[in-house]
Amino acid sequence: MTAQVLPPAQGRFHEDLGIWIRIAPRAGAATCAALFLDRDGVIVEDTGYLSDPSDVALIPGAAEIILAANQAGVPVVVITNQAGIARGYFGWEQALTVQEALDRKLAASGAFLDGFLACPYHREGLPPWYHPEHPARKPRPGMLFAAAQLMHLSLRDSWIVGDKLDDLLAGYNAGLRGALHVLTGHGLAERPSVVAWNPPRFEIRLGNTIAEAAELLNHQNRVHPNHIRNQP
Ligand SMILES: [Mg+2]
């Protein structure tokens with residue numbers, strides 16, 4: 001695999017994890033809950049293998065909810081499957097120009113992402129990005145585990161917002177508290193599968209857009225009832 005020569009601010013590809021990881025510095029090392037967000041179809045319009053920065057269009061309410069999380073001290077972590085890389089549609093530099101465009105649009109509202117993690121692998125991918133079932137590719141939980149370890153996050157208190165069942169499954173497989181399913185992106189087509197899925201110990205909220213994640217932030221600002229029950 002070739003080393004990526006890009007500005008450090010863009011993060012880097014972690015060979016052992018198989019994930020592009022960019023993490024913003026955070027004051028303190030206390031473990032806290034995070035808001036995990038799928039990107040395409042949740043934060044930005046899903047144009048299908050988004051690779052042109054001029055196609056980056058924020059979904060209404062996305063910047064506001066990310067800003068609200070920033071202000072509440074809840075780390076916002078994007079976890080995104082980028083099979084377009086495996087399929088040879090675009091490379092990392094192009095993928096990162098899209099990410100930069102998103103960062104600029106968020107910055108215009110004063111919002112920022114604490115973490116950006118991307119998995120390039122796909123079972124129909126080209127070398128070196130072929131993998132039959134990479135542990136970091138959603139619905140598998142590798143990106144969430146990596147973020148939790150590197151960012152000191154409490155997975156069981158965290159939520160994920162996704163438009164696909166695979167986003168929710170990744171959250172479930174990582175032991176998150178729950179998920180908000182939205183109707184943007186592939187959400188409408190995926191909603192029946194989400195409704196039919198009835199996992200134990202995982203809260204599913206059915207919403208319309210990421211704007212409804214405001215309710216999740218309210219939950220995260222309070223002490224989780226389980227914490228009280230678990231006190232000796
Ligand atoms: Mg999506």
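The basis for the numbers below is simple: all heavy atoms, side chains too, and nothing from hydrogens, waters or symmetry mates. In each ligand, atom 1 is the first atom listed, and ligand 1 is the first ligand listed.
Residue contacts to the Mg ion (ligand 1): Asp40 brings an N, O or S atom closer than 2.8 Å. Put simply, Asp38 gets within reach of the Mg ion (ligand 1), with an N, O or S atom under 2.8 Å from it.
The two atoms that bring Pro120 and Ile85 nearest to each other are CB-CG2, 3.8 Å, heavy atoms only.
Take the N/O/S atoms of Asp163: the one nearest the Mg ion (ligand 1) is OD1.
The aromatic rings of Phe202 and Tyr172 sit perpendicular, their planes meeting at an angle over 60°, well past the 30° parallel limit. Between Trp129 and Phe13, the ring planes are perpendicular. Angles over 60° get that label, and only those under 30° would be called parallel.
Screening Asn173, Asn81, Asp167 for a side chain to side chain donor-acceptor pair (under 3.5 Å) involving Lys138 leaves a single residue, Asp167.
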